[in-house]
Amino acid sequence: MATLRTHNITFGRMIRLSVLCLIALIFFSPYIFLISTAGKAQADIFTSSLSIIPQHWYFVENFTKAFDRVNMPQLLWNGVLVCGMILILQVIVAVPCAYAMAKLKFRAAQTMMMMVMLGLLIPIHATALPLYVAFNNLSLLNSYTALVAPFSISVFGIFLFLQFFRALPDDLIHAARLDGMSEMDIVTRVIVPNAWPAITAFSIFSVVAHWNDLFWPLIVISKQGFATPPLGLLFFRAAEAGDDYGALMAATLIITLPLVLAFLLAQKRFVEGITMTGLKG
Amino acid sequence: MTVLSLNGITKSFGGNPILKGVSLEAKDGEFIALVGPSGCGKSTLLRIVAGLDHADGGDIIIGGRNVSTINAADRNVAMVFQSYALYPHLTAGQNIAVPLAMRRLSAAQRLPILGNLMPGQKAIRTGIQNHVQDMASALKIDHLLDRKPGQMSGGQRQRVALARAMVRQPNVFLMDEPLSNLDANLRVHARGEIVDLHRRAGVPTLYVTHDQSEALSMADRVAVMIGGNLLQLATPQEIYDNPAHVEVARFLGQPRINVLDAQMDKAGLVRFGATTLAARVPNAAGKVMLAIRPEFVGVGVETSDALPARVERLEFLGSEVVVYARLAAIAELVVAKISPQQSASIRIGSTIGLTLPSEKIFLFGEDGARLKIEAVSHAGKLEAVR
Amino acid sequence: MTVLSLNGITKSFGGNPILKGVSLEAKDGEFIALVGPSGCGKSTLLRIVAGLDHADGGDIIIGGRNVSTINAADRNVAMVFQSYALYPHLTAGQNIAVPLAMRRLSAAQRLPILGNLMPGQKAIRTGIQNHVQDMASALKIDHLLDRKPGQMSGGQRQRVALARAMVRQPNVFLMDEPLSNLDANLRVHARGEIVDLHRRAGVPTLYVTHDQSEALSMADRVAVMIGGNLLQLATPQEIYDNPAHVEVARFLGQPRINVLDAQMDKAGLVRFGATTLAARVPNAAGKVMLAIRPEFVGVGVETSDALPARVERLEFLGSEVVVYARLAAIAELVVAKISPQQSASIRIGSTIGLTLPSEKIFLFGEDGARLKIEAVSHAGKLEAVR
Amino acid sequence: ETVLTVHYPMPGFFKDVMDTISKKFMEENPGIKIQFASPSPTYEDGIQTIMRQAGTSEMPDVTFTGLNRLRMLEERKIPVDLTLLVTKEGAQMAEQGFSDTILKLAQVKGVQVGLAFATSTPIMYYNADLIRKVGGNPDVPPKTWDEVIALGDKIKKLGDGIEGIDFRWQGDDWMFSALLFGAGGTMLSADETKVTFNGPEGLKGAEILSRMVKEGGLPVFTKSAGEQAFAAGKVGFEFQTTGALRNTIKNVGGKFDLRTAEIPLIDPVNGKLPTGGNAVVILTHDKDKLDAAWKFAKFAAGPYGASVVVPGTGYVPNNELAAKSPKYLGDFYKENPLFQAGLKQMPRMIPWYAFPGSNGVKVTQTIVENLSRIVEQSATPKEALDDAAADVADLLPRS
Amino acid sequence: MSVAAINSSISVPQRIHQDRQARIGWLLVAPALTLIMLFIILPTIAVIVLGFTDFELGYQSFHFVGLKNYIHLFSDRTFRISLWNTTLYTLMVAPASIILGLGIALMIEAEPWAKSFFRTVFFLPVASLIVAMATVWQYMLHPTMGPINIILSMIGVQGPNWLGASNSVLYSLSIIGVWQSVGFNMVLFLAGLTAIPRDLYAAAEIDGAKHWLDRFRLVTWPMLGPTTLFVTTISIINAVKVFETVKTLTEGGPNKASEVLLYTIYREGFVYLRVGYASAMTVVFLAILIVLMLIQYRVLDKKVHY
Ligand SMILES: Nc1ncnc2c1ncn2[C@@H]1O[C@H](COP(=O)(O)OP(=O)(O)OP(=O)(O)O)[C@@H](O)[C@H]1O
Ligand SMILES: Nc1ncnc2c1ncn2[C@@H]1O[C@H](COP(=O)(O)OP(=O)(O)OP(=O)(O)O)[C@@H](O)[C@H]1O
Ligand SMILES: O=P(O)(O)OC[C@H](O)CO
Ligand SMILES: [Mg+2]
Ligand SMILES: [Mg+2]
């Protein structure tokens, strides 16, 4: 008997695979040039011929330069520190709030819902001016505080956790109350351990956003010591002012890689998390 | 000794009265099954007893103490949920330990890492471990203690949930359809286990189910709740043989009891269609309901003292056959339960004779309340008067 | 006339054989219930018949045509899913219309807006409307046609799902536990409806359930599938009274059949514990299983020709009582089903006498296959030899 | 120990230079420590950073500001007035190479806002290989715009994606000034009340730009695209600051024969050129820091600083001592002919015009935007200049 | 007595219970609420107030100027261009990234192979620093030496001056914008797809939906409704918020052809330092966002939820 469909190659699947591969190639092509350029000598980069394989193998030199010219470890550390602090604060603030909104009956829950909806609409770009003025007046510019504080609240996080918690069975919380847990116990012992898919999904959103954010660091940071990766890269780009692209691409690779690796590791949970949080709708 | 008593509990949701004054007393070690159709307020009542929800009116007294205003956590009530509500991130052992840890360890001792450094913490934890181990042995789940709920079958989860509820010797035990997630075979088996366990623990238990056979087979007393009222609270036998209300009669018994509309005159003659039953019921003229359980309906050939009926459907159930037959006189469907042997000669569409033994007949008034029949004019079968 | 036939269907998932060569024939208008424990491959078989999944081997013939390589959409098979699988964004009416629209309207006519401009489209749509209306009337869901599934109760949804399946007069009707999402009372009611509907439509039906009473009461024939094999396919009565395999006997009947390990010698003497049954079974020496249904186990006082047993549990079920008693001789639990009257004198812990009428006894070989008993040495009760 | 925070723009040009200078400075002044604030990518970014930080604790002690933005700082009274300090030094200043001409570069209305650090003029870079290919003689570079345009056209016609000219009109008004001043024009009238860049001189300049596009093979490049294309050997001429010389040499590598020459002037007699570059400006008012900062400013802008800046970038020496003394740069120019183009143009240098009022940045943007219309050929030179003039008039302070 | 009468519908235990929940609720919500106030609500109010002033960074004092900023906005050519560009950009990027995201998600979901490989490739742009990738794009889009134009010229097409010409710069930015956001939408759609019950597809197949397009129309598309709404919302907001690529690649040029709202606001506020005026722009920007969302939820929300 002929086994139909299942996992063998059909004509339709061939087409689908080809289309998928083609689009993937297009999407990936900037990275091909990124990697190739990171391996080229300065004089080989701007040539009129299209060569992907570097003529001279210059990876080591370029990476060395990337590390030499900017304080790459400092930059990466700043990125990790800032994203880490932001993420931790966001989760610590958003989880209890979302729990209360989802599972406790009290009037403020509705007010909060309005605030959250409003907050979702107001991007940092809109509030940057007064925030800048305020940080300026408090002499807090050029500090981790300035980088972290405005993002310590993530209404998107509250929204996402809210969706997730609503789907958690009430019985679980009832059982916990009967077992003698206080509401704080419930948050730390029941909610958080079970919110990992949502926290993972949120972490990716949060880290991607803040690791890549240029707008805010550009405004509040003028000292290199506090530069986040994009700011550092911007500086690096300016520093090499359109010439040492090899080193620039090497630096770009160094800074892009951690996030890509993180996504690779977490992607399955990420999709799961989004599914479970009902973010999809 | 009365350990749990509910006095006139009322509750409405958004103006809808769900509980209309429910009162109930459970004696020490008693197992009370609370049955009723879906949405009648069983879970609501249970949640109110647990302290997870609060009544609009009425009092809850547990062990002599009015706990109406007391927190769920402080009532020392244990509950098993339909969904089991095990903590998915904890192993079975850790799940069972939770209520003990919450009660025996101080807040400081419970802290994640710091807690380990607190004085006395070690000893208490060991105590809890032992206790959990004992409980697990009793429920034969020793081998599961290291598994998480996701790695257990429904029956195993249910046992862990039971263990978690029992481990701390609660004042009252509440169970909300704990077996409804199990498959049929396991369910029958688990019934026995719960009854055993209850007997050993001796804690008064309120057991919600909508499965009548569970209620009848497990409980010391069955409380039938319908439409927010507790219609009857009695032993299974009493409630089955002597239902106080037509809804109770209807709710219990599979297949359902036959209820026929009838008219009763002052003289005590009950008529339905052209058939008459002479009974003596004090002050009860008017519309009545005549009810008889399927297993008491006699099925035979058409004779003069049997009611003729046409067979519409036969349901073979292995050890018995259910006959659905429509009475020729009043076009009402009557259900009879007979043995397969008896049913051998019966075909769909054929006419049979039904007899309704009058001593097995219940009469209910128009409001559904049971009418006590003081005497029936003649023993034996319901007479067909043509 | 055979309308559906399956020949040696095999299927494995990731090397695990799930179906091990299932063959089955359904005649026109026949209602076949496919029962078996969870995970035995019932749904898989159904999905293969529907064309949603494909067998590794074997053929499916529907209406004389081998459809093994044909698309689900072209098999003209209707299916009702356990989850009902109604389209949540469409009203009941639109849901029911889908299979008609898919078949009657061309791809162009189905286009969202453009479709309305296609010639002939109006007339066909009206035809579909009428058809849906008729179907809805037949199933008494006229009033639901404008509601979306989210606004309907379980029972209503189930009826809409039935309507969607029936509306296009399929060659074969497949149902995968369509009642398992309904509550007990509704379930019993819905059984009747489905049987009725089936009778009117006259389409051969494969009905999957793991509820034995559904299978026994609804089906013309019952197919018992266990571990990927179809162990028996026969009428309900036949399958109950004459199980071909110990698993079939175990699966059907509530409470479960009693199965006792026994030893048979060449002479045909069956021994279990110290008890002997003299039977004549050709070529069957060695270990055997002796089985008897609970309703045939006689319960009485301890006499010399009864087996003494200690009562461990009594389950009152209203019209009957189930007695769990442990045989004194071999410490095996035996279950008996008796009437409440009979049970009146029985107490937990007391000793009773059990009789096992030998003509009601089944013998199964070690492999589970039924052993035909050609003759029993003496009629009457199983003799207790001390 | 005094710690000085120093901010500078365009690290691409200056990072190595700054590192070298500060190292040497700290060696010579052990009591002073230099630390760098995050450099700004451009002059415009630099001035914005300083203005945002003005008066806050974030404000650096010393900054390097584009010469055209000194006025903006001065109008907001942000920097320290160095006039007194200069006076106190007396003759010593001149000895150090700070001639009056040089000092003037960083004066606004008589106030010494800073000391010129690096100065530049726009020069012509060209690809000798391409010129040879079209039959030109690379040893005799074009002297007029017409010649440039004619050669550009020929080069463009080589095809294969080769362009004739890259002219750095983007970013700010500096290269436009080169055309305008080269024709003898000015931005505003002498009393700074009227816009004059749309006069006949300006128009000539704009027309040259337009002709470069139409006839000379000047494509619409972004700043970096043009640089990259030139470095790849795909462009015949490039007009931009001499400050980019060192980078260009690095980028070109051995790919082609790179040459430089003086930029053509529309009016070869009276034509002038804007002075690019930046000045070191002291922001701190703290007594100790001010002393240290003054020391550093003199050091950086002094002969040693210049001797580092010039070879490291391509800027022309702003210090007369450095330019002449063999101790500093005397020999360098002999050995590096590419660097001479800028040097030769020094006599024509006049200040890079700084617009009055608070809208300076916006004025510059307005001019650039209108230039882009010319380059894109979406407006005639006249239309574009008139529009720009009208907009700029609105942005000037009303008096 | 009257107090008791008013509260008669609520029993004492219930009130105690409610109070307790409210107290705990407030406690848990308090940090979030404080921070929302501090970092969202107050600054927003400040922006609105500043919009009525002539505040400039660097100058210490400011005056209230009434509606002057707003009146000026109407005649500000840059602002108008910026508004128009942002609209165009959004109209290009949002639909393209939604459709591509959906298409890719559907193909990946249907494809048993290399799911996570494809997922990663398409998500890569989301996870990459746009500042960094901008440099790559600038190179890719180089008019003469960029790989894109070289490839185009191989097939005999004269590629446009992507980022350099005012008639193509917005398209170029849009291409980058789509490239950047498709992966994000794809992930959301993938999540939405996994949540669709398999039974519905089986039912559709049995109902005669032979072609995948039929099944898509009958099941996938309607079931993805809520996801699509969410994705649309996010895509529009993100498109309206375009900033990084403009800042790093074009600085709004050439000739304002890539001037977009946020960049204009940024320039007014942090480059020209005219905070008052920039605040007025911000208020308009916010108003646009809010109106967009309101329309979305009014119009679409009813349609997608069942
Ligand atoms: N929080 C609530 N808000 C509004 N109505 C509620 C709430 N909780 C329960 N109800 C309503 O109260 C009624 C009783 O609910 P309850 O859960 O107690 O029924 P039940 O007897 O447990 O039913 P089941 O057998 O289905 O579990 C139902 O009609 C339900 O809709
Ligand atoms: N797509 C699949 N991949 C792998 N294993 C599968 C798949 N589908 C079913 N199975 C396995 O095949 C076996 C039979 O599954 P099936 O759903 O047919 O059982 P069933 O008899 O319908 O059970 P139930 O009564 O629980 O519905 C199960 O063990 C199941 O885990
Ligand atoms: O680089 P500089 O210092 O020569 O200044 C010139 C202009 O900034 C170039 O546009
Ligand atoms: Mg309930
Ligand atoms: Mg199944």
Side-chain angles (χ1 to χ4, degrees), chain A residues 7 16-17 19-20 23-24 27-28 30-31 33-34 46 48 50 93-94 96-97 99-100 104-106 108-109 112 115 119 121-123 125-127 129-131 150 152-153 155 158 183 208 212 214-215 219 229-230 233-234 237 248 252 255-256 259-260 263-264 267 271 274-275 279-281, chain E residues 21-22 24-26 28-29 31-32 35-36 39-40 43-44 46-47 107 111-112 116 118-124 126-133 135-137 139-140 145 147 150 187-188 190-192 194-195 226-227 229-230 241 243-244 262 269-270 275 278-279 282 285-286 289-290 293:
Chain A
H7 286 193
R16 192 171 61 214
L17 257 177
V19 172
L20 212 47
I23 306 180
F27 268 69
F28 195 70
Y31 297 94
F33 289 98
L34 172 63
F46 294 109
S48 37
L50 185 62
V93 171
C97 172
Y99 164 72
L104 299 181
K105 287 187 208 88
F106 66 116
M112 272 310 287
M115 295 269 195
L121 280 180
I122 302 177
H125 311 83
T127 50
L129 281 165
L131 282 178
S152 57
I153 178 74
V155 279
I158 296 179
E183 297 301 314
V208 162
N212 289 343
L214 172 64
F215 184 85
I219 291 171
L233 212 68
L234 198 67
R237 201 170 86 144
L248 180 57
T252 301
I255 283 169
T256 307
L259 223 57
V260 173
F263 178 73
L264 266 178
Q267 59 160 326
V271 176
I274 298 175
T275 317
L279 236 204
K280 27 93 204 163
Chain E
Q21 287 230 330
I24 296 161
W26 273 110
L28 293 177
V29 160
L35 290 172
I36 287 179
F39 291 118
I40 297 174
T44 306
V47 166
M107 286 193 279
E111 187 50 61
S116 73
F118 284 123
R119 244 181 348 218
T120 310
V121 168
F122 291 114
F123 196 77
L124 220 49
V126 182
S128 304
L129 282 177
I130 192 59
V131 184
M133 297 315 290
T135 317
V136 182
W137 274 107
Y139 171 56
M140 302 269 299
M145 295 150 4
I150 290 183
V187 167
L188 291 176
L190 276 176
T194 49
T227 310
L229 178 65
F230 182 73
K241 288 197 311 201
F243 172 78
E244 261 87 356
L262 263 189
F270 293 98
V275 174
S279 296
T282 309
F285 166 71
L286 260 185
L289 274 186
I290 289 175
M293 293 308 107

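In this text the structure is predicted, and so the values were computed from the model without any measurement. In what follows, chains carry the letters A, B, and so on, assigned in the order in which the sequence lines appear, proteins first and then strands, with residues in each chain numbered from 1.
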S.K.: With rounding to the nearest 0.5 angstrom, report the CE to CZ distance, Met133(E) to Phe33(A).
M.R.: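 Spacing of CE (Met133(E)) from CZ (Phe33(A)) equals 11.5 Å.
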
S.K.: Could you have a look at Leu214(A), Val208(A), Val260(A) and say which one has the most heavy-atom pairs with chain E under 4.5 angstrom?
M.R.: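 With the most close heavy-atom pairs to chain E, the winner is Leu214(A).
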
S.K.: Can you tell me how far apart SG (Cys97(A)) and CD1 (Ile36(E)) are? Round to the nearest 0.5 Å.
M.R.: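 The distance works out to 6.0 Å.
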
S.K.: Shorter than 4.5 Å, heavy atoms on both sides: which option in Thr252(A), Thr256(A), Leu129(A), Ile122(A) has the most such pairs with chain E?
M.R.: Leu129(A)

S.K.: Do Pro31(E) and Ile153(A) have side chains that approach each other closer than 4.5 Å (heavy atoms only, starting at C-beta)?
M.R.: no

S.K.: Please give me the minimum heavy-atom distance between Ala126(A) and Leu286(E), naming the atom from each residue.
M.R.: CB-CG, 4.0 Å

S.K.: Check whether Ile40(E) gets within reach of chain A through its side chain, its backbone, both or neither, counting any heavy atom under 4.5 Å.
M.R.: both

S.K.: If I measure from the heavy atoms of chain A, does Trp137(E) come under 4.5 Å with its side chain, its backbone, both, or neither?
M.R.: side chain

S.K.: Can you tell which of Thr282(E), Val47(E), Thr44(E) makes a side chain to side chain contact (heavy atoms under 4.5 Å, CB included) with Pro130(A)?
M.R.: Val47(E)

S.K.: Of all of Asn212(A), Leu259(A), Val19(A), which one pairs up most often with chain E through heavy atoms under 4.5 Å apart?
M.R.: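 With the most close heavy-atom pairs to chain E, the winner is Asn212(A).
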
S.K.: Using heavy-atom distances under 4.5 Å, tell me whether Met140(E) contacts chain A through its side chain, its backbone, both, or neither.
M.R.: side chain

S.K.: If you count heavy-atom pairs under 4.5 Å with chain E, which of Leu34(A), Thr127(A), Ile255(A) comes out on top?
M.R.: Thr127(A)

S.K.: For the candidates Pro30(A), Pro229(A), Ser152(A), which exhibits the highest count of non-hydrogen atom pairs separated by less than 4.5 Å from chain E?
M.R.: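 Ranked by contacts with chain E, first place is Pro30(A).
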
S.K.: So, taking the atom named CG in Leu35(E) and the one named CE in Met115(A), what distance separates them when rounded to the nearest 0.5 Å?
M.R.: 12.0 Å

S.K.: Do you know the tightest heavy-atom contact between Phe122(E) and Leu20(A)?
M.R.: CZ-O, 4.1 Å

S.K.: Against chain A, label Leu262(E) side chain, backbone, both or neither, depending on which of its atoms sit under 4.5 Å from a heavy atom there.
M.R.: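 The answer is the side chain of Leu262(E).
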
S.K.: Mark yes or no for whether Tyr31(A), through its side chain, and Leu124(E), through its backbone, hold a donor-acceptor pair below 3.5 Å.
M.R.: yes

S.K.: Looking only at heavy atoms, which two atoms of Ala100(A) and Val29(E) are closest? And how far apart?
M.R.: CB-CG2, 3.8 Å

S.K.: Looking at chain A, which one of Val126(E), Val136(E), Ile130(E) has the largest number of heavy-atom pairs inside 4.5 Å, strictly under?
M.R.: Val136(E)

S.K.: Is it the backbone or the side chain of Glu111(E) that comes under 4.5 Å from a heavy atom of chain A, or both, or neither?
M.R.: both

S.K.: In sequence, state the C-alpha distance, the side-chain angles, and the governing distance for Phe28(A) and Thr120(E), and then conclude on side-chain contact (heavy atoms from CB on, under 4.5 Å).
M.R.: CA-CA 10 Å; Phe28(A) 195 70; Thr120(E) 310; over 6 Å; no

